[in-house]
Amino acid sequence: MNYKMIALDIDGTLLNSRKEITPETGEAVREVRAAGKTVVFDTGRAVCELTDIFAFLPEVRYAVFASGAGIYDVRQKRTFALHAISRKDADAVFSLARTIDVMPQIVLPDNNVIQASHLDRLDHYHMEIYRPLYEKVITTVPDIFAFAASCCEPILKINLYHANPAERARTDTQLSSLNLERVCVELSSLESTACGVDKGAGLLWLCRELGISPAQTIAVGDGDNDLPMLQTAGLGVAMGNAAEHIKAAANRVVSDLDHGGCAQAIRLLLSE
């Protein structure tokens with residue numbers, strides 16, 4: 001197969017454990033772009049969280065963001081193919097969140113919002129590693145629930161960060177009747193998107209936009225929210241740091257995030 005495009009997850013894949021893009025990964029991106037191949041991101045992040053990454057890798061034009069809920073074109077600075085959570089389902093998520101110990105995060109087309117007081121509790125919700133990013137790009141509001149109730153923009157994704165996995169499991173069960181895609185990410189986060197919206201669906205929408213067959217794509221990831229894109233692409237590649245069930249679902253396994261795994265996966269565009 002002459003693969004034309006590779007879709008990269010960001011956290012746990014493109015970035016190493018220090019949240020850095022290594023020189024080796026940057027060089028691999030430049031090599032495959034010079035060979036006429038396309039590199040895109042397929043991430044759970046919001047657009048505002050991608051600014052530095054796009055600046056470091058100007059060879060990358062497109063990102064599927066918010067776990068498939070939208071596509072961003074960095075050259076035209078526009079978002080499109082947006083798929084929002086229904087107001088009814090969003091209200092139900094926030095109604096539950098009011099009653100439990102969680103840090104809600106609301107992903108909008110051009111913004112990412114949390115409650116200001118939760119910045120002081122990032123460690124409690126196992127998100128301290130993201131503090132530099134949050135303090136640089138995230139929007140804080142005094143009351144996340146008041147903001148959600150008055151928000152007129154499409155809500156693309158809701159993350160609920162928990163204190164531990166057991167509490168996340170209870171929340172997942174309580175939200176099971178809603179018309180949402182729910183997936184566990186990070187150590188104890190539960191992310192929700194509209195029904196039918198995931199990284200695999202986002203990859204399909206981008207393939208149609210670019211006129212590339214999904215069979216001619218490679219997808220690389222490490223987490224449960226990456227499974228749909230690994231199964232959608234012509235070649236699904238799991239990082240060495242992925243859980244065993246992710247590796248079992250992939251066609252290939254490369255090295256981990258701190259030992260050149262992403263660069264190894266990118267160069268498959270040149271060897272497969």
Side-chain angles (χ1 to χ4, degrees), residues 1-16 19-83 107-112 133 136-137 154 156-157 193 197-221 225-226 228-230 232-237 262-270 272:
M1 175 61 69
N2 179 24
Y3 294 106
K4 294 183 176 181
M5 183 171 81
I6 190 165
L8 303 173
D9 169 52
I10 289 181
D11 296 288
T13 301
L14 178 74
L15 304 182
N16 64 17
K19 299 298 179 184
E20 300 166 338
I21 302 172
T22 66
E24 182 184 9
T25 297
E27 181 59 30
V29 170
R30 288 185 284 275
E31 284 178 18
V32 299
R33 286 294 296 125
K37 309 292 185 176
T38 299
V39 180
V40 302
F41 302 134
D42 199 337
T43 178
R45 288 191 178 206
V47 169
C48 63
E49 297 173 297
L50 301 175
T51 302
D52 287 350
I53 294 173
F54 276 123
F56 191 85
L57 294 175
E59 299 85 0
V60 179
R61 176 174 176 177
Y62 293 100
V64 176
F65 70 98
S67 296
I71 298 172
Y72 181 66
D73 180 341
V74 66
R75 189 176 301 171
Q76 296 185 0
K77 292 182 169 50
R78 71 178 180 114
T79 57
F80 61 100
L82 301 180
H83 298 81
V107 179
L108 306 172
D110 299 306
N111 211 347
N112 196 5
L133 178 66
K136 183 175 182 179
V137 305
L156 302 182
K157 188 172 75 153
T193 52
V197 174
D198 57 37
K199 289 189 177 185
L203 179 59
L204 287 176
W205 294 323
L206 183 56
C207 283
R208 285 195 289 269
E209 174 76 14
L210 301 182
I212 295 173
S213 166
Q216 295 177 303
T217 67
I218 300 173
V220 192
N225 61 349
D226 297 319
M229 74 168 180
L230 299 187
T232 297
L235 184 69
V237 179
C262 187
Q264 182 182 343
I266 292 168
R267 290 189 171 107
L268 288 174
L269 276 175
L270 303 177
E272 295 293 315

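If you take SG on Cys48 and CG on Asp110, they are separated by 9.0 Å, rounding to the nearest 0.5 Å. The structure places OG of Ser213 at 11.5 Å from CG of Asn2, a figure rounded to the nearest 0.5 Å.
The two residues Gly221 and Leu230 make their nearest non-hydrogen contact at N-CD2, 3.8 Å. Nearest heavy-atom pair, Leu270 versus Ala35, reported as atom, atom and distance to 0.1 Å: CD2-CB, 3.6 Å. Nearest heavy atoms, Leu156 versus Ala66: CB-CB, 4.2 Å. Across Gly70 and Leu82, no two heavy atoms sit closer than the pair CA-CD2, 3.8 Å. Between Glu24 and Ala263, the closest heavy-atom pair is CG-CB, 3.6 Å. Pairing each heavy atom of Leu269 with each of Lys37, the nearest pair is O-CE, 3.5 Å.
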Open item on the list: Run the side-chain contact (heavy atoms from CB on, under 4.5 Å) test on Trp205 and Val197 for me, step by step, so that the C-alpha distance in whole Å, both residues' side-chain angles and the decisive distance to 0.1 Å come before the verdict.
Closed with: CA-CA 11 Å; Trp205 294 323; Val197 174; 4.2 Å; yes

TODO: Show your working on side-chain contact (heavy atoms from CB on, under 4.5 Å) between Ile53 and Ile10 and close with a plain yes or no.
DONE: CA-CA 9 Å; Ile53 294 173; Ile10 289 181; 3.7 Å; yes

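A heavy-atom distance below 4.5 Å is not found between the side chains of Cys207 and Gln216. The closest side-chain heavy-atom distance from Lys157 to Arg45 is not below 4.5 Å. A 4.5 Å side-chain heavy-atom check between Lys19 and Leu133 finds every atom pair outside the cut-off. Considering only heavy atoms from C-beta on, Val237 stays 4.5 Å or farther from Ile6 through its side chain. The shortest distance between side-chain heavy atoms of Met229 and Asp9 falls below 4.5 Å. No side-chain heavy atom of Val64 sits under 4.5 Å from any side-chain heavy atom of Lys199. Between Arg61 and Arg33 there is no side-chain heavy-atom pair separated by less than 4.5 Å. Contact of the Pro214 side chain with the Leu204 side chain is registered, since non-hydrogen atoms from C-beta on lie closer than 4.5 Å.
For the pair Arg78 and Glu209, the salt-bridge criterion is met [side-chain N within less than 4.0 Å of a carboxylate O].
In this pair, Phe80 and Tyr62 present their aromatic rings perpendicular. The plane angle is above 60°, beyond the 30 to 60° band.
Here Phe41 and Phe54 bring their ring centres to under 6.0 angstrom of each other.
Screening Asp42, Val39, Thr25 against Leu8 for a side chain to side chain contact (heavy atoms under 4.5 Å, CB included) leaves a single residue, Val39. Under the side chain to side chain contact (heavy atoms under 4.5 Å, CB included) rule, Leu14 has a single partner from Leu57, Thr43, Val220, which is Leu57. Residue Leu203 is tested with Thr217, Asp198, Ile71, Ile212 for a side chain to side chain contact (heavy atoms under 4.5 Å, CB included); the sole match is Thr217.
Residues that satisfy the side-chain hydrogen bond (donor to acceptor under 3.5 Å, both in side chains) test with Thr79, not counting sequence neighbours, are absent from this structure.
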